Amino acid sequence: MASEEAKTGKSMDAIMALCKRRGFIYQASEIYGGINGFWDYGPLGAQLKKNLRDAWWEDMIMRPCWGKNGPNGRPVRCVPLETRIIQHPKVWAASGHISGFNDPMVDDKETKQRFRADHLCGLYLREVASDGPPIGIQYQGFINDIREFRAGDPELTAVASTEGEALELLMPQLKKRFKGVDVSAHVEVEHDVQADIYIHDANQQRAWIAKLKMIPLALLKERIAYIKSPFSGKMGHLTDPRQFNLMFKTIVGATGTEDDTAYLRPETAQGVFVQFKNVVDTTRVKIPFGIGNTGTSFRNEVTPRNFTFRSREFEQAELEFFCHPDESFEWYKFWRDFRMDWWKSIGLAGDNLILREHEKDELSHYSVGTSDVEYRFPFTAPGFGELEGIAHRGCFDLTQHQQHSGAKMEYNDTERGEILPNGGRRGERYIPHCIEPAAGLDRGVLALICEAYSRDESRPSPEVMKFHPRIAPIKAAVFPLVAKEGMPEVADKLHAELSQRFWRQGAIEIDEKQSIGKRYARMDEAGCPYCFTIDGDTLTNQTVTVRDRDSGAQERIGIDKVAAFLTEKIGG
RNA sequence: GCGGGCGUAACUCAGUGGUAGAGUGACAGCCUUCCAAGCUGUACGUCGGGGGUUCGAAUCCCCUCGCCCGCUCCA
């Protein structure tokens with residue numbers, strides 16, 4: 001805790017206490033003891049999150065990139081879409097989520113590649129010296145090699161779902177090792193769980209050298225440190241096999257059985273890919289264009305922790321931006337940079353926000369580029385936690401769905417191809433590439449809260465939530481300095497006027513209870529940026545004081561200028 | 001998943017076998033002409049939950065749930 005504060009100046013315990021006390025975030029099902037990995041938003045948190053979601057929607061869909069041109073020199077075009085949490089189970093088979101997340105998985109710690117533990121095949125090389133048929137002298141060299149390996153430890157490994165596949169993958173390596181010996185011709189697949197591999201000497205004498213087997217889970221668990229990673233080729237680079245059940249199962253239909261199993265989506269993106277063809281066919285969009293989709297997703301996180309950071313139910317704001325393959329890298333860079341600017345614009349400016357380009361070996365097999373927008377949360381400091389990933393997904397997803405569903409995902413680009421005699425274009429058919437800026441709204445809210453939280457011991461109310469005015473859940477408060485001499489009536493009138501004008505953006509509060517200092521303090525904790533106070537002078541000269549949350553400074557403005565002042569500060 | 005810590009009022013916490021407390025906050029009233037001021041009063045407790053030991057459990061024991069931290073992990 002102490003080190004946490006030293007690094008960010010902020011205590012997560014204090015932030016969580018404030019979130020509870022002021023109604024930003026509550027534990028889900030708290031009166032029943034809570035439920036692991038789920039959190040609810042209180043009134044202020046719900047409004048804060050709505051403001052964040054609205055900001056995303058406005059800046060990504062309604063007026064993409066604040067009206068800036070894309071790398072093609074034309075305005076960025078995006079349309080919204082709303083797809084279901086529950087999709088046909090085949091969607092998740094096509095996307096790879098079911099196979100990827102329902103079986104014991106092993107990761108290569110170095111290359112970050114993950115694979116099913118039961119797909120790890122290994123060649124077990126035997127102790128040739130102890131038994132087995134004699135082998136010609138010309139092979140002495142590799143026999144010595146073989147002796148270096150202990151029986152039972154897979155020497156060569158591959159990831160494949162059948163032995164046939166594994167053999168294909170491993171044979172080139174075997175040939176390399178047994179240079180000059182024709183190994184492949186003498187592979188005998190005995191049955192579908194293992195294969196024996198032989199070599200032949202010059203006299204056609206056969207010698208058994210290895211057994212290819214799926215590595216049993218028990219062995220994997222016990223000897224994981226001694227098994228070479230099929231990716232890095234090094235021992236000790238594989239994690240223990242672990243059961244991942246990241247997909248949330250559910251059953252569709254009132255009388256449904258296991259046969260009616262469906263899944264709650266782990267990401268909103270697949271709904272967009274699945275409807276890509278419909279959007280193209282029915283809305284006159286032209287590539288390049290984006291499809292945005294916000295909504296709730298579910299993952300059975302292995303370790304939900306760090307307040308709301310890794311919740312099992314969370315909301316995403318994802319844009320799938322489709323473009324021609326040749327232009328995809330330009331768009332990738334464009335979106336990466338814009339998304340960084342966007343987070344800065346709503347208050348995450350400064351050293352706590354970074355853009356991190358993934359290393360090559362960190363990338364998914366289909367991605368040519370991925371960046372994370374990361375925030376230094378108090379609980380990640382001095383490190384950072386991911387807010388948004390901007391991924392170049394290539395044509396992977398559309399291709400997967402084309403293969404699994406049989407639906408053509410090709411786009412007919414009528415602005416490309418050779419020029420025809422009539423001046424038109426022949427057109428070009430291709431599966432578009434996709435750039436995906438995928439933001440976590442709940443993580444965004446948490447980052448905004450952490451960034452906003454500040455303590456100033458010199459103030460009578462030390463805790464202040466310094467939200468950017470655009471996302472602050474309470475936009476303004478109106479106070480009569482004292483609850484008499486006609487001030488409450490003037491305050492009521494101003495409050496009604498401001499509410500009428502700004503209700504879309506957030507709450508406008510009014511408060512006449514207790515001392516003025518206490519009322520300012522309450523608003524500081526809630527993150528309300530501006531307080532307007534009606535005092536004795538108001539009654540004579542029609543001015544009010546505006547108190548700035550962050551500085552505590554006051555200025556006087558005409559009561560009829562308050563709405564204009566707020567418009568300038570909070571937009572709208 | 002492993003290890004450690006914690007769980008008592010809305011918040012922060014005291015209470016280690018004998019009548020559940022304090023400060024803050026909230027609410028109401030008085031007062032108050034700019035920063036959690038003062039006075040009076042009020043409300044708020046499954047002591048995380050369940051079981052056990054005991055004449056008696058917030059307190060001791062067992063189980064369980066939740067949160068935090070470290071390791072691990074985060075497609």
Side-chain angles (χ1 to χ4, degrees), chain A residues 1-4 11-14 16-23 26-39 42 92 95-103 105 107 109 112-116 221 239-244 246-247 266-267 299-312 362-367 370 372 378-380 385-386 389 391 440 443 458-464 479-485 487 512-525 531-539 544-549 551-554 556:
Chain A
M1 220 61 53
S3 62
E4 181 179 289
S11 145
M12 208 56 213
D13 286 350
M16 291 170 68
L18 186 143
C19 281
K20 170 74 184 293
R21 190 171 70 243
R22 293 311 307 262
Y26 307 132
Q27 195 178 10
S29 307
E30 188 184 284
I31 62 170
Y32 289 98
I35 176 166
N36 183 266
F38 296 87
W39 299 86
W92 309 113
S95 68
H97 287 91
I98 290 179
S99 62
F101 298 132
N102 278 317
D103 296 297
M105 304 296 284
D107 292 351
K109 292 175 192 169
K112 299 286 180 192
Q113 277 161 298
R114 167 170 293 170
F115 54 91
R116 280 173 61 169
K221 277 177 186 155
T239 63
D240 288 339
R242 294 181 311 147
Q243 191 74 37
F244 281 75
L246 284 153
M247 296 292 282
E267 62 173 27
R299 295 179 195 180
N300 264 318
E301 295 288 354
V302 180
T303 316
R305 204 178 274 190
N306 287 329
F307 203 20
T308 61
F309 184 76
R310 188 167 292 130
S311 299
R312 289 186 161 137
E362 233 180 309
L363 297 175
S364 312
H365 57 288
Y366 52 80
S367 183
T370 298
D372 287 345
F379 49 80
T380 60
E386 183 184 345
R443 288 181 174 189
S458 72
R459 290 169 72 144
S461 52
E463 290 183 305
V464 182
F479 302 149
L481 184 58
V482 290
K484 60 181 185 184
E485 293 173 20
M487 294 182 203
E512 60 173 49
K513 295 290 184 184
Q514 317 240 345
S515 72
I516 189 73
K518 186 169 284 192
R519 283 177 276 164
Y520 285 145
R522 287 179 183 136
M523 286 300 135
D524 286 347
E525 269 192 352
C531 296
F532 300 97
T533 300
I534 282 79
D535 59 14
D537 291 346
T538 309
L539 307 173
V544 298
T545 61
V546 185
R547 180 222 184 231
D548 179 79
R549 175 196 63 203
S551 65
Q554 291 186 20
R556 289 200 83 86

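Letters go in sequence order (proteins before strands), and every chain restarts at 1. As the structure is a computational prediction, the values presented were derived from the model and not from experiment.
Using a 4.0 Å heavy-atom criterion, one finds that A/Gln27 contacts the sugar-phosphate atoms exclusively. Looking at heavy-atom distances under 4.0 Å, A/Leu18 makes no contact with the nucleic acid at all. Among the protein residues, A/Gly385 comes within range of no part of the nucleic acid, since none of its heavy atoms lies under 4.0 Å from any strand. Base engagement by A/Gly552 is indicated by at least one non-hydrogen atom pair under 4.0 Å involving a base atom. Looking at heavy-atom distances under 4.0 Å, A/Asn36 makes contact with sugar-phosphate atoms alone, never a base.
One atom, CD of A/Glu512, and another, C1' of B/C27, lie 14 Å apart when rounded to the nearest Å. In this entry the distance linking CG of A/Asn306 with P of B/C73 reads 15 Å, nearest Å. One can place NZ of A/Lys513 at 16 Å from P of B/G25, the figure rounded to the nearest angstrom. Summarising the geometry, the separation between CG on A/Asp524 and P on B/C34 is reported as 18 Å, rounded to the nearest angstrom.
Here the closest non-hydrogen pair linking A/Met487 and A/Leu481 is SD-N, 3.9 Å.
Side-chain N/O atoms of A/Glu525 and base N/O atoms of B/A36 include a donor-acceptor pair closer than 3.5 Å. With hydrogens and angles left out, the side chain of A/Tyr520 and the base of B/C34 share a donor-acceptor pair within 3.5 Å. The base of B/C35 is not paired with the side chain of A/Ser461 by any donor and acceptor separated by under 3.5 Å. Between the side chain of A/Arg305 and the base of B/G70 there is at least one donor-acceptor pair of N/O atoms closer than 3.5 Å.
No cation-pi contact links A/Arg547 to A/Phe532, judged by a cut-off of 6.0 Å to the six-membered ring centre and 45° from its axis.
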Quick one: which protein N/O atoms are closer than 3.5 Å to N/O atoms of nucleotides 9-11 of chain B? Pair and distance per line, please.
from	atom 1	to	atom 2	distance (Å)
B/A10	O3'	A/Lys20	NZ	3.2
B/C11	OP1	A/Lys20	NZ	2.6

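Ring geometry, A/Trp39 versus A/Phe307: the interplanar angle exceeds 60°, so the pair is classed perpendicular (tilted spans 30 to 60°).
With respect to the salt-bridge test (charged N to carboxylate O, under 4.0 angstrom), the residues A/Glu463 and A/Arg22 do not qualify.
Partner of A/Asp524 under the salt bridge (Lys or Arg N to Asp or Glu O under 4.0 Å) criterion, out of A/Arg549, A/Arg519, A/Arg459, A/Lys518: A/Arg459 alone.
Figure legend. B/U59 is base-paired to no nucleotide; pairs are counted as Watson-Crick or G-U wobble with both atom distances under 3.5 Å. Look at B/A22: its Watson-Crick or wobble partner, with both distances under 3.5 angstrom, is B/U12. Pairing of B/C6, defined by two Watson-Crick or G-U wobble distances under 3.5 Å, is identified with B/G66.
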